[in-house]
Amino acid sequence: MPRCWLVKSEPSAYSIDDLARDGRTCWDGVRNYQARNFLRDQMKAGDPVLFYHSNADPPAIVGLARVCREAYPDHTARNPQGPHFDPAATEENPIWMMVDIEFIQKFARPVTLAEMKADPDLAGLMLAQRGSRLSVQPVAEAHFRRICEQGR
DNA sequence: GCCAACGTTGGC
DNA sequence: GCCAACGTTGGC
């Protein structure tokens, strides 16, 4: 069984509808070491990915995607005009990495953060922990299945 | 818009 | 290596 993941995006920046339209996209702009390590070291092609809308009303998991390309350098770190520029990134040492993900489905019903926090079957879900800011996080398989059920 | 939680930076 | 200051995230 592949590992399951969750990625966050503010819908005003990139939403599940944007992914549905694009079919696939490069998941650039991750600028946190822990998130990068997950993405670089453990995300494998074919792994399922829950798509979460942060800073949304309501914050919720809204759909499902899949990793379709494993980690490679995030070139946006080397674009001084871009919002994800990091002057420390070089061609030899890109520092930041990204994967590509592809659209699978939009949930029939968003699974809200409030609902997940209240669900005993989702006890321990990283997303529901207080102060959880990690934008790429692993999800236990049982939790993953539960969330997919709720979104159907 | 507020603010708590968290990560990073940089002086010492 | 400590820790205060600062910037960001993201729920509410």
Side-chain angles (χ1 to χ4, degrees), chain A residues 3-22 25-43 47-67 71-101 103-140 142-152:
Chain A
R3 251 183 196 269
C4 307
W5 301 98
L6 179 148
V7 298
K8 298 181 183 177
S9 184
E10 302 197 12
S12 59
Y14 195 85
S15 72
I16 189 70
D17 293 323
D18 293 324
L19 182 61
R21 179 199 63 218
D22 295 342
T25 193
C26 52
W27 205 251
D28 62 2
V30 172
R31 295 291 179 273
N32 168 283
Y33 285 103
Q34 203 183 346
R36 180 208 63 183
N37 293 346
F38 279 131
L39 183 149
R40 181 191 63 191
D41 303 331
Q42 300 190 45
M43 271 188 155
D47 286 357
V49 179
L50 296 167
F51 197 104
Y52 178 76
H53 279 174
S54 61
N55 262 318
D57 187 23
I61 293 176
V62 292
L64 194 55
R66 161 195 308 126
V67 177
Y72 61 105
D74 180 349
H75 53 77
T76 65
R78 298 179 54 227
N79 174 10
Q81 267 71 52
H84 303 305
F85 179 61
D86 180 353
T90 63
E91 187 164 12
E92 300 72 37
N93 180 19
I95 305 178
W96 304 110
M97 307 288 278
M98 60 186 175
V99 298
D100 289 356
I101 64 171
F103 179 76
I104 296 181
Q105 64 172 16
K106 184 175 174 176
F107 280 171
R109 194 180 71 78
V111 182
T112 68
L113 180 62
E115 177 183 352
M116 291 186 281
K117 282 182 170 172
D119 187 344
D121 288 350
L122 293 177
L125 182 72
M126 191 184 288
L127 183 71
Q129 308 298 313
R130 165 188 169 80
S132 168
R133 288 172 46 179
L134 202 58
S135 65
V136 176
Q137 43 182 272
V139 177
H143 289 167
F144 175 83
R145 276 201 297 261
R146 174 69 175 167
I147 290 163
C148 289
E149 269 170 31
Q150 298 297 308
R152 199 175 296 138

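Numbers restart at 1 for each chain; the letters A, B, ... are given by sequence-line order, proteins then strands.
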Run the side-chain contact (heavy atoms from CB on, under 4.5 Å) check on A:Val49 and A:Trp27 step by step: do they pass? CA-CA 12 Å; A:Val49 179; A:Trp27 205 251; over 6 Å; no
Just by distance, no angles: are the side chains of A:Thr76 and A:Asn79 close enough, under 3.5 Å, to form a donor-acceptor pair?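 The criterion, which ignores hydrogens and geometry beyond distance, is not satisfied for A:Asn79 and A:Thr76.
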Side-chain heavy-atom pair A:Val67, A:Asp100 within 4.5 angstrom cut-off: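 Contact flag for A:Val67/A:Asp100 side chains = no.
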Do the side chain of A:Arg109 and the main chain of A:Gln150 share a donor and acceptor less than 3.5 angstrom apart? yes
I'd like to know whether A:Asp86 forms a salt bridge (charged side-chain N to carboxylate O under 4.0 Å, His left out) with A:Arg31, so could you lay out the CA-CA distance, the side-chain angles of the two residues, the decisive distance to 0.1 Å, and finally the verdict. CA-CA 9 Å; A:Asp86 180 353; A:Arg31 295 291 179 273; 5.6 Å; no
Are there more than 12 heavy atoms of other residues, nucleotides or ligands under 6.0 Å from atom CD of A:Glu149?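 Correct, the count exceeds 12.
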Results of side-chain contact (heavy atoms from CB on, under 4.5 Å) for A:Asp57 - residues two or more places apart only: none
Contacts under 3.5 Å, N or O only, protein and nucleotides 7-12 of chain C:
residue, atom, partner, partner atom, Å
C:dT8, O2, A:Arg133, NH1, 3.4
C:dT8, O2, A:Arg133, NH2, 3.2
C:dG10, OP1, A:Lys8, NZ, 3.0
C:dG10, OP1, A:Arg133, O, 2.9
C:dG11, OP1, A:Tyr52, OH, 2.4
C:dG11, OP2, A:Asn55, N, 3.0
C:dC12, OP1, A:Lys117, NZ, 3.1

Any stem touching DNA chain C, meaning at least three consecutive Watson-Crick or G-U pairs under 3.5 Å, ordered by first number, would be B:1-12 with C:1-12
